[in-house]
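Since the model is a prediction, treat every value here as computed from it, not as a measurement. The chains referred to below are lettered A, B, ... by the order of the sequence lines, with proteins before strands, and numbering in each begins at 1.
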Amino acid sequence: GAGVSQSPRYKVAKRGQDVALRCDPISGHVSLFWYQQALGQGPEFLTYFQNEAQLDKSGLPSDRFFAERPEGSVSTLKIQRTQKEDSAVYLCASSLGQGDQPQHFGDGTRLSIL
Amino acid sequence: GENVEQHPSTLSVQEGDSAVIKCTYSDSASNYFPWYKQELGKRPQLIIDIRSNVGEKKDQRIAVTLNKTAKHFSLHITETQPEDSAVYFCAASRGYSGGYNKLIFGAGTRLAVHP
């Protein structure tokens with residue numbers, strides 16, 4: 001596709017439910033990042049994939065957060081037993097190669113936990 | 001870890017005036033500094049970036065300057081237009097083993113350009 005695609009755009013879940021957020025990066029992009037953006041704040045790094053390898057998960061807030069990219073393309077961010085503080089916009093970004101390549105963002109998934 | 005401070009948090013200018021947003025960073029190993037524009041409910045869009053081997057970069061009405069010694073960088077928008085109204089984020093990053101850069105963002109500046 002022409003850009004990074006994320007689905008769903010909006011997700012409402014009850015506290016305690018599990019959610020899965022999908023990211024389709026730009027075709028051929030090696031690097032994939034997940035960020036969390038709280039209301040009125042800048043994005044915060046969650047995790048990084050280089051192809052299918054998860055090289056950095058230092059930003060994941062707790063062990064309830066899990067991400068995968070099994071075939072080196074589409075990625076899924078899963079949150080188990082959601083809490084109210086998980087409410088945020090979850091952004092995915094991809095870049096062509098490694099290093100300081102420009103990161104291109106998707107529109108994000110706005111997650112609301114009731 | 002890296003920390004990025006961004007000022008001001010809000011900026012209001014008249015159409016045609018210039019706007020300047022400033023950021024400071026803490027990690028002297030940072031080597032890549034992008035700026036993103038985010039309109040309400042939309043994705044952050046890269047508008048300009050600069051690497052540590054240059055001090056200034058310009059693209060039409062937008063310019064970025066970098067002072068590595070002082071660890072600060074700035075975004076300059078000239079001849080502002082109402083469509084420049086948005087939230088602007090600066091970010092800093094450095095290379096990690098494994099060959100990647102992760103972005104550390106400032107808190108954002110809400111720019112309003114009044115006709």
S.K.: Around atom CD of B/Q60, are there more than 12 heavy atoms from other residues, nucleotides or ligands closer than 6.0 Å?
M.R.: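 Counting neighbours around CD of B/Q60, 12 or fewer heavy atoms of other residues, nucleotides or ligands fall under 6.0 Å, so no.
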
S.K.: Is there a side-chain contact between B/E2 and A/F45, using heavy atoms and a 4.5 Å cut-off?
M.R.: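 Not touching, per the 4.5 Å side-chain cut-off.
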
S.K.: Can you confirm whether more than 12 heavy atoms, excluding those of A/L114, are under 6.0 Å from its CG atom?
M.R.: yes

S.K.: Is there side-chain contact between B/Y36 and A/F105, with heavy atoms separated by less than 4.5 Å?
M.R.: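 Yes, their side chains come closer than 4.5 Å.
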
S.K.: Which atom pair, heavy atoms only, marks the closest approach of A/D100 to B/R51?
M.R.: O-NH2, 2.6 Å

S.K.: For atom CD of A/E85, is the number of surrounding heavy atoms from other residues, nucleotides or ligands below 6.0 Å larger than 12?
M.R.: yes

S.K.: Can you hop from A/L77 to A/I113 via hydrophobic side chains spaced under 4.5 Å?
M.R.: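 In one cluster: yes.
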
S.K.: Go through the atoms of A/Q103 and report whether side chain, backbone, both or neither lie under 4.5 Å from a heavy atom of chain B.
M.R.: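 Looking at A/Q103, backbone and side chain both touch chain B.
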
S.K.: Report the distance from atom CZ of B/F105 to atom CD of A/Q41, rounding to the nearest 0.5 Å.
M.R.: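 That separation rounds to 13.0 Å.
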
S.K.: Applying the 4.5 Å side-chain criterion to the ILVMFWY set and letting contacts propagate, would A/V30 and A/F49 be lumped into a single cluster?
M.R.: no

S.K.: Among the clusters formed by ILVMFWY side chains lying less than 4.5 Å apart, do A/L46 and A/F33 turn up in the same one?
M.R.: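 Hydrophobic grouping puts A/L46 apart from A/F33.
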
S.K.: Identify which part of B/P34 has an atom lying under 4.5 Å from any heavy atom of chain A, answering side chain, backbone, both or neither.
M.R.: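 For B/P34, neither part sits under 4.5 Å from chain A.
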
S.K.: Going from OG on A/S95 to CG on B/L46, what distance comes out if it is rounded to the nearest 0.5 angstrom?
M.R.: 11.5 Å

S.K.: Ignoring hydrogens, what is the shortest heavy-atom contact between B/P44 and A/G106? Give both atom names and the distance.
M.R.: CD-O, 4.2 Å

S.K.: Counting only non-hydrogen atoms closer than 4.5 Å, does B/R94 touch chain A with its backbone (N, CA, C, O), its side chain (CB onward), both, or neither?
M.R.: neither

S.K.: Indicate, with yes or no, if A/L32 and A/Y90 share a hydrophobic cluster defined by side-chain heavy-atom contacts under 4.5 Å among Ile, Leu, Val, Met, Phe, Trp and Tyr.
M.R.: yes

S.K.: Using a 6.0 Å cut-off, check whether atom CD of B/E15 has over 12 heavy atoms from anything other than its own residue.
M.R.: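 Enclosed: over 12 neighbouring heavy atoms sit under 6.0 Å from CD of B/E15.
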
S.K.: Please flag which part of B/Y100 lies under 4.5 Å from any non-hydrogen atom of chain A: side chain, backbone, both or neither.
M.R.: both

S.K.: Can you name the closest pair of heavy atoms from B/Y32 and A/P102 and give their distance?
M.R.: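 Looking at all heavy atoms of both residues, the shortest contact is OH-CA, 3.5 Å.
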
S.K.: Would you mind checking which part of A/S58 comes under 4.5 Å of any heavy atom in chain B, side chain (CB onward), backbone (N, CA, C, O), both or neither?
M.R.: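 Only the side chain of A/S58 comes within 4.5 Å of chain B.
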
S.K.: Around atom CZ of A/R9, are there more than 12 heavy atoms from other residues, nucleotides or ligands closer than 6.0 Å?
M.R.: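 Result for CZ/A/R9: enclosed.
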
S.K.: Decide whether B/L66 and B/W35 are clustered together by the hydrophobic rule: side chain heavy atoms of Ile, Leu, Val, Met, Phe, Trp, Tyr closer than 4.5 Å, transitively.
M.R.: yes

S.K.: Contact part of A/L91 toward chain B, heavy-atom cut-off under 4.5 Å: side chain, backbone, both or neither?
M.R.: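 The side chain, not the backbone.
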
S.K.: To the nearest 0.5 Å, what is the distance between OG (A/S31) and NZ (B/K102)?
M.R.: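 Separation between the atoms: 13.5 Å.
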
S.K.: Let me confirm one number: the CG-OH distance from B/L103 to A/Y35, rounded to the nearest 0.5 Å.
M.R.: 3.5 Å

S.K.: Which atoms of B/Q38 are under 4.5 Å from chain A, going by heavy atoms: the side chain, the backbone, both sets, or neither?
M.R.: side chain

